[in-house]
Amino acid sequence: MLSLKYIRENREWVEKVAKGKNIEVDIDKLLELDDRLKKLQVKIDKLRHERKLLAKQKFTEGLREKGKKIKEELKKLEAEYEEVKKERDEIWKRVPNVVYKEVPFGKDENDNVEIKRWGEIPKFDFKPRSHIELGERWDIIDFKRGSKVSGFRGYFLKKELAVLHMALLWWAFQKLVAKGYTPFTAPAIVKGFTLFGCGQFPWGERETYVLNDKDAYLAGTAEQPITSYYANEVLSWKELPKKFVAISPCFRREAGAHGKDTRGIYRLHEFWKVEQVIIAPADDEKARELHEELQKNTEEIWQELKIPYRVLLMCTGDMGEPQAKKYDTEAWMPGRGGWGEVASNSIMTDFQARRLNIRYKDKDGKTKFVYTLNDTAVPSPRALIAIIENYQQKDGSIKVPEVLQPLVGFGKIPSGRF
RNA sequence: GGAGGAGUCGCCUAGUGGUCCAUGGCAGCGGCCUGCUAAGCCGCGCCCCGAUUUUCGGGGCUCGUGGGUUCGAAUCCCACCUCCUCCGCCA
């Protein structure tokens with residue numbers, strides 16, 4: 001959410017960014033409705049003032065008459081106010097966040113800017129296999145029974161891969177804990193306000209699983225429960241920034257992606273993620289610093305796994321509505337013969353905090369909205385694709401990355417243990 | 001799932017239809033005062049309007065949320081949310 005004051009004072013910029021994010025918003029209408037609302041408020045405030053004065057006087061029949069009149073008039077005006085407010089908010093909540101000046105304008109993923117590349121793309125002296133082929137060969141992924149039991153995009157991880165999956169999550173989790181990030185396990189069942197607050201709603205409603213309860217949804221990422229953790233609270237500048245690492249299951253309907261990545265464990269309805277979240281003071285420079293810190297954490301993970309990756313600065317057309325700046329990290333996946341997204345690192349400025357009402361008292365005693373940031377540490381099973389495919393050997397076996405060997409207790413797949 | 005109790009400003013707390021434009025304390029921040037420190041005093045949320053527009057004046061809102069009753073609601077009624085106690089079921 002942007003403040004209406006900001007929108008009013010920077011309307012051309014807001015319109016330009018919205019367009020850049022491929023979003024249609026009628027700022028004229030928004031401001032016109034807001035003007036109407038203000039005028040109504042003045043009228044209502046005047047009437048309420050009169051009512052208050054009456055209520056202070058000694059009670060008489062005449063007073064009752066006057067009071068009734070005011071009451072009826074107020075009722076009409078308040079109804080009108082609510083109607084206009086609803087209309088205004090409907091537009092307001094669809095205005096996306098503005099972006100940092102270093103963010104490139106662009107239409108879609110083709111206009112993202114590659115800013116870094118790490119590692120050597122492996123050269124195989126054989127035709128590399130995909131994780132799908134290897135997964136079935138060693139009976140460590142079962143797609144057939146996955147879809148039988150769970151439906152489209154259903155899967156089972158088995159044997160060594162089930163162990164590797166847990167090890168990877170645990171290893172990444174521990175790494176962040178060692179860096180001072182507060183460990184969380186987060187609920188995956190969340191109320192609607194968290195999804196609206198994080199900017200999932202209204203744009204991504206079709207992406208979200210709705211449970212049969214009145215106000216219960218499945219979270220698409222721990223960003224949602226963790227960022228909402230301090231909703232409606234007032235923090236102190238002394239406790240900021242607060243850094244969290246959370247592990248949670250993630251659920252996505254992938255409603256807009258039916259034809260995409262239909263095979264394998266790249267795009268799933270259900271997966272696990274270790275997520276980094278930071279609640280920060282309202283300071284753009286500090287936010288940039290923390291954003292780089294998150295990025296460094298993510299890159300360390302891929303460096304220690306010894307898997308090549310690249311980092312993209314996302315253009316407006318490939319950014320989410322709440323984001324002011326975003327990096328994607330993509331790991332090399334030989335089976336695709338290309339890069340696959342494994343982390344998404346964003347500064348939201350106070351866009352989410354305004355919707356979630358998370359504030360803090362600054363040094364000067366002023367109450368401000370916090371800034372929020374989040375970045376994937378590791379998504380799994382997707383990250384397993386990069387491990388399986390980069391570590392495959394000529395005979396089809398898969399080496400286990402050195403850093404994970406002590407956790408899983410074997411050095412290659414098949415291990416002969418299951 | 002059933003029965004009972006509770007939710008007031010960052011935290012604690014007073015308040016059971018008009019004397020509440022919500023009491024008192026604590027913490028934090030700013031200011032005043034001041035050899036130093038401490039104490040003391042004043043202020044402290046959100047929205048709107050006006051002007052002599054980093055400030056001042058006026059009004060409104062804010063007692064878990066949303067409705068309702070009433071001339072008037074923190075207070076009465078209804079629904080919902082959350083927490084506590086007990087019963088039932090249960091990994």
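Only heavy atoms go into these numbers, but all of them, side chains included; no hydrogens, no water, no symmetry mates. Chain identifiers are assigned alphabetically (A, B, ...) following the order of the sequence lines, protein sequences preceding nucleic acid strands; residue numbering begins at 1 within each chain.
- Residues satisfying the salt bridge (charged side-chain N to carboxylate O under 4.0 Å, His left out) criterion with R263(A), sequence neighbours excluded, are absent altogether.
- Atom name C1', nucleotides U69(B) and G30(B): the rounded distance is 45 Å, in whole Å.
- Stem regions for RNA chain B, each three or more consecutive Watson-Crick or G-U pairs with both distances under 3.5 Å and listed by first number, read B:1-7 with B:81-87, B:10-12 with B:24-26, B:28-32 with B:40-44, B:45-51 with B:55-61, B:64-68 with B:76-80.
- For the P atom pair drawn from C29(B) and A22(B), the interatomic distance equals 26 Å after rounding to whole Å.
- The side chain of R359(A) sits closest to G45(B) out of C71(B), C48(B), G45(B).
- Across the protein-nucleic acid pair, K75(A) atom NZ and U70(B) atom C1' stand 12 Å apart, rounded to whole Å.
- Taking the side-chain contact (heavy atoms from CB on, under 4.5 Å) definition, one finds that E239(A) meets it with L235(A), S236(A), K242(A), sequence neighbours left out.
- For the pair V234(A) and K238(A), nearest-nucleotide mapping onto RNA chain B gives the more 5' position to V234(A).
- By the salt bridge (charged side-chain N to carboxylate O under 4.0 Å, His left out) test, D26(A) is found to be paired with no residue, residues two or more places apart in sequence or in another chain being considered.
- Note: NZ (K69(A)) to P (U70(B)) measures 18 Å, nearest angstrom.
- Residue K71(A) places at least one side-chain N or O closer than 4.0 Å to OP1 or OP2 of G72(B).
- For V42(A), the side-chain atoms get nearest to C49(B) when compared with the rest of C71(B), C49(B), C44(B).
- Straight-line distance from the NZ atom of K363(A) to the C1' atom of C29(B): 12 Å, rounded to whole Å.
- For the P atoms, the distance linking G25(B) with C48(B) amounts to 32 Å, nearest Å.
- Scored by the ring-ring contact (aromatic ring centres under 6.0 Å, His included) test, F244(A) finds F184(A) as partners (sequence neighbours excluded).
- The interatomic distance linking E239(A) (CD) with C29(B) (P) rounds to 13 Å, in whole Å.
- Atom C1' of G15(B) sits at a distance of 10 Å from the matching atom of C63(B), rounded to the whole Å.
- As a whole-Å value, the separation of N357(A) CG from C47(B) C1' is 14 Å.
- Scanning for ring-ring contact (aromatic ring centres under 6.0 Å, His included) contacts around W237(A) gives an empty result, with sequence neighbours left out.
- The aromatic ring centroids of H131(A) and Y266(A) lie 6.0 Å or more from each other.
- Shown here are the ring-ring contact (aromatic ring centres under 6.0 Å, His included) partners of Y181(A), two or more places apart in sequence or in another chain: there are none.
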Can you list the steps and then say if Q276(A) with T298(A) is a side chain to side chain donor-acceptor pair (under 3.5 Å)? CA-CA 9 Å; Q276(A) 316 173 63; T298(A) 297; 3.3 Å; yes

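- On the C1' atoms, C47(B) is 11 Å away from U62(B), given to the nearest whole Å.
- Rounded to the nearest Å, the gap between the P atom of G2(B) and that of U75(B) is 26 Å.
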Once each nucleotide of nucleotides 54-66 of chain B is scored for protein heavy atoms under 4.0 Å, what B/S/- sequence comes out, 5' to 3'? -----BSS-----

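- Residues F193(A) and F201(A) place their aromatic rings such that the two centres sit no closer than 6.0 Å.
- Rounded to whole Å, atom C1' of G30(B) lies 13 Å from atom NZ of K368(A).
- Applying a 4.0 Å cut-off to non-hydrogen atoms, the residues of residues 184-202 of chain A that approach RNA chain B are K191(A), listed by residue number.
- Within the structure, the side-chain hydrogen bond (donor to acceptor under 3.5 Å, both in side chains) test picks out the following pairs touching residues 152-161 of chain A (sequence neighbours left out): D139(A)-K158(A), D139(A)-K159(A), E160(A)-S415(A).
- As rounded to whole Å, 17 Å separates atom P of C46(B) from atom NZ of K85(A).
- Put simply, OH on Y360(A) is 16 Å from P on G45(B), counting in whole angstrom units.
- Taking atom P in both A73(B) and G64(B), one finds a spacing of 16 Å when rounded to whole Å.
- Using P as the reference atom, A27(B) and C21(B) are 29 Å apart when rounded to the nearest Å.
- Sorted by first and then second residue, the salt bridge (Lys or Arg N to Asp or Glu O under 4.0 Å) pairs involving residues 171-183 of chain A (not counting sequence neighbours) are K175(A)-E300(A), K175(A)-E304(A), K179(A)-E300(A).
- Take Y309(A) and apply the ring-ring contact (aromatic ring centres under 6.0 Å, His included) test, not counting sequence neighbours, and it matches W118(A).
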Let me see the working for R288(A) and E285(A) under salt bridge (charged side-chain N to carboxylate O under 4.0 Å, His left out), right down to the final yes or no. CA-CA 5 Å; R288(A) 284 188 177 93; E285(A) 268 325 296; 2.8 Å; yes

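- Nearer to the 5' terminus of RNA chain B, by closest-nucleotide assignment, is the contact made by E233(A) (compared with the other of E233(A) and W237(A)).
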